[in-house]
There are 2 protein chains.
Amino acid sequence: MGDDVKYKDAKSDLPYGSNAKRKVVPRRSCKKEDKVFFSTLSDKKLEKMTIKELNDYTREISKHQAQELKKRRRILKNRRYALKCRVKSIQKSVNMKEENLSLEKGLSAAKRELKTILSERDNYKSKYVQLYNHVFETFSASTAIRASKLAD
Amino acid sequence: MGDDVKYKDAKSDLPYGSNAKRKVVPRRSCKKEDKVFFSTLSDKKLEKMTIKELNDYTREISKHQAQELKKRRRILKNRRYALKCRVKSIQKSVNMKEENLSLEKGLSAAKRELKTILSERDNYKSKYVQLYNHVFETFSASTAIRASKLAD
DNA sequence: CTGATTAGTTAGCAC
DNA sequence: GTGCTAACTAATCAG
C-alpha cells in the first residue's frame with residue numbers, strides 16, 4: 001500500500017482509443033522486483049498471448065511472477081471487455097435514437113399524407129353531393145332532400 | 001499491500017439498493033489501527049455528515065486518521081454519484097424505448113386511418129365519375145369521353 | 001468542495 | 001478459462 005511504483009510501460013500502452021478527457025495515470029502498484037520483470041513484456045503482447053503461450057513463457061520464471069503475469073493478463077483483457085461493453089451500450093442508444101427519428105419522420109409524413117387524402121375525399125364527396133343534388137333538382141324539386149341522405 | 005484487513009462494517013453498510021447480482025465483498029484494505037477506529041463511525045453516518053461536522057469530529061483524532069476518514073467519505077459519496085449516474089442512463093434508455101413504442105403505435109394507427117380515408121376517397125371519386133358519366137350519357141352519347149376528363 | 005461522468009478494476013455469472 | 005456486465009474506485013471536469 002505504501003509502494004508507489006507504477007508499471008513503466010503502462011502509460012504508453014494503456015489507451016485503446018483516444019482518451020481526450022482522462023489523463024491516463026496508472027494506479028496499480030506492485031513490488032519493485034515485478035516492475036523490472038514486467039517491463040520485459042509489454043501489456044499489448046501479454047494481452048494477445050494465448051494461455052498456452054503464456055504457460056510456455058512462465059515455465060522459466062518463479063511461481064509468484066507467473067501468477068502476477070496471469071493476473072495482469074486478466075486485468076488487461078477485462079479492460080478491453082469493459083470498453084467493448086460500453087461501446088455496445090452507446091451504440092444501442094444511438095440506434096434507438098436513429099430509429100426514433102425515422103419513426104418521427106414517418107409519422108409526420110403519414111399525417112401530411114392523411115391530410116391530403118382527407119381533403120381529396122371531402123372534395124370528391126362535396127362534388128358528388130353537388131352533382132347529385134343538381135341532377136335531382138333539375139328533374140324534381142322534392143328530391144333535393146333525399147340527395148343528401150344518399151350522398152354517403 | 002500485504003495487509004488484508006477489511007472494513008468491519010462495510011458489508012452490512014454498503015449496498016444502497018438491492019444488489020442481487022454482486023455479492024458485496026469489501027476490497028479496500030487499511031491498517032489495523034484504522035479498522036478499529038473506523039468501526040466506531042458507520043459508512044452511512046460518515047457519508048451524510050457535512051464537512052463541518054466531520055471537521056468537528058476529526059479535531060480530536062490524529063492527522064492520518066482524519067485524512068483516511070475524509071478519503072472514505074469521498075469514496076462513499078462517489079459511490080452514490082455513480083449509482084445515480086447509472087440509474088439516470090438506464091432511465092434514459094427506458095424512456096427512449098417507450099417513446100419508440102408509442103411512435104410505432106401512432107404510425108400504425110395513422111397508416112390504418114390513411115387506408116380507410118383512401119378507400120373512402122376512391123369510393124366517392126368513382127361514385128362521382130359514374131354519376132357524371134351517367135348524366136351526360138343520358139343527354140348525349142358524345143359526352144361520356146369528356147366526363148372522365150372532368151372527373152378530377 | 002460537491003456532483004457528475006468517464007475509464008479502469010473487481011466480482012460474479014454464464015458458457 | 002473467456003467474455004460480459006453491474007458495481008465500485010479513481011481521475012477529471014464543471015460549477
Side-chain angles (χ1 to χ4, degrees), chain A residues 1 4 6-7 9-30 43-44 46-58 66-94, chain B residues 1 4 6-7 9-30 43-44 46-58 66-94:
Chain A
M1 201 89 182
D4 283 329
K6 308 290 197 281
Y7 290 131
D9 59 347
K11 178 162 186 173
S12 57
D13 227 8
L14 269 174
Y16 294 119
S18 58
N19 191 333
K21 186 164 184 184
R22 191 182 199 186
K23 214 184 292 177
V24 178
V25 178
R27 278 165 293 169
R28 314 315 290 183
S29 57
C30 61
D43 283 350
K44 204 176 280 186
L46 177 58
E47 191 198 339
K48 297 304 181 193
M49 229 174 215
T50 66
I51 199 74
K52 202 163 171 54
E53 288 171 332
L54 185 61
N55 283 336
D56 291 346
Y57 188 86
T58 55
Q67 278 180 346
E68 288 299 314
L69 262 191
K70 280 202 170 185
K71 206 165 93 181
R72 185 154 72 99
R73 183 168 169 281
R74 175 65 169 162
I75 288 173
L76 292 168
K77 285 191 164 278
N78 275 333
R79 196 185 295 173
R80 196 175 290 279
Y81 300 147
L83 178 64
K84 193 178 176 182
C85 192
R86 267 159 202 151
V87 168
K88 185 180 171 186
S89 101
I90 290 169
Q91 192 57 51
K92 223 160 109 182
S93 68
V94 167
Chain B
M1 200 91 184
D4 282 329
K6 306 289 194 280
Y7 290 132
D9 58 347
K11 180 163 183 172
S12 57
D13 226 8
L14 270 175
Y16 293 118
S18 58
N19 192 335
K21 185 163 188 185
R22 189 183 200 183
K23 212 185 293 175
V24 178
V25 178
R27 278 165 293 169
R28 314 315 289 184
S29 58
C30 61
D43 283 349
K44 203 175 281 187
L46 178 56
E47 192 198 338
K48 297 304 182 192
M49 230 176 217
T50 65
I51 198 74
K52 201 161 172 58
E53 288 171 333
L54 185 61
N55 282 335
D56 290 348
Y57 189 85
T58 55
Q67 278 180 344
E68 289 298 314
L69 262 191
K70 279 201 171 186
K71 205 164 95 183
R72 187 154 71 99
R73 182 169 170 279
R74 177 64 170 166
I75 288 173
L76 291 167
K77 285 192 165 277
N78 276 335
R79 198 184 293 171
R80 197 176 289 279
Y81 300 146
L83 176 65
K84 193 177 176 184
C85 196
R86 277 192 309 269
V87 168
K88 186 180 171 183
S89 98
I90 291 168
Q91 192 56 55
K92 224 160 108 181
S93 69
V94 167

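Remember, predicted model here, so these are calculated numbers, not experimental data. To find a chain, count down the sequence lines: A is the first, B the second, and so on, and within it residues start at 1.
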N/O donor-acceptor pair under 3.5 Å between B:Arg80 side chain and B:Glu47 backbone: no
How long is the line joining CG of A:Leu83 and P of D:dG3, in whole Å? 14 Å
Spacing of B:Cys85 atom SG and B:Asn78 atom CG [to the nearest 0.5 Å]: 11.0 Å
Rounded to whole angstroms, how far apart are CD1 on A:Ile90 and P on C:dT6? 8 Å
Using whole Å, report how far NZ of B:Lys88 lies from C1' of C:dT5. 9 Å
side-chain N/O B:Lys77 vs C:dG3 OP1/OP2, d < 4.0 Å: yes
Determine: side-chain N/O of A:Arg80 to OP1/OP2 of C:dG8, distance under 4.0 Å, yes or no. no
To the nearest angstrom, the CD-C1' distance between A:Glu47 and D:dT2 comes to 13 Å
For C:dT10, does either OP1 or OP2 sit under 4.0 Å from a side-chain N or O belonging to A:Arg74? no
What distance do A:Leu76 atom CG and A:Leu69 atom CG have between them, rounded to the nearest 0.5 Å? 10.0 Å
Nearest whole Å is fine: how far is D:dG3 C1' from A:Arg73 CZ? 12 Å
Nearest-nucleotide comparison on DNA chain C, the residue closer to the 5′ end among B:Ala82 and B:Met49: B:Met49
For the pair made of CD1 in A:Ile75 and P in D:dA10, what is the distance, rounded to whole Å? 14 Å
D:dT2 P sits how many Å from A:Leu76 CG, rounded? 13 Å
Does A:Arg73 use its side chain to pair, donor to acceptor, with the backbone of A:Met49 at less than 3.5 Å? yes
What about B:Asn78: does its side chain form a donor-acceptor pair under 3.5 Å with the base of D:dC8? no
Check whether any side-chain N or O of B:Arg86 sits under 4.0 Å from OP1 or OP2 of D:dA7, and answer yes or no. yes
Below 4.0 Å: OP1/OP2 of C:dA4 and any side-chain N or O of B:Lys84: yes
In whole angstroms, how far is the P atom of C:dT2 from the NZ atom of B:Lys52? 13 Å
Look up atom CG in B:Leu54 and atom NZ in B:Lys52, then write down how far apart they are to the nearest 0.5 Å. 12.0 Å
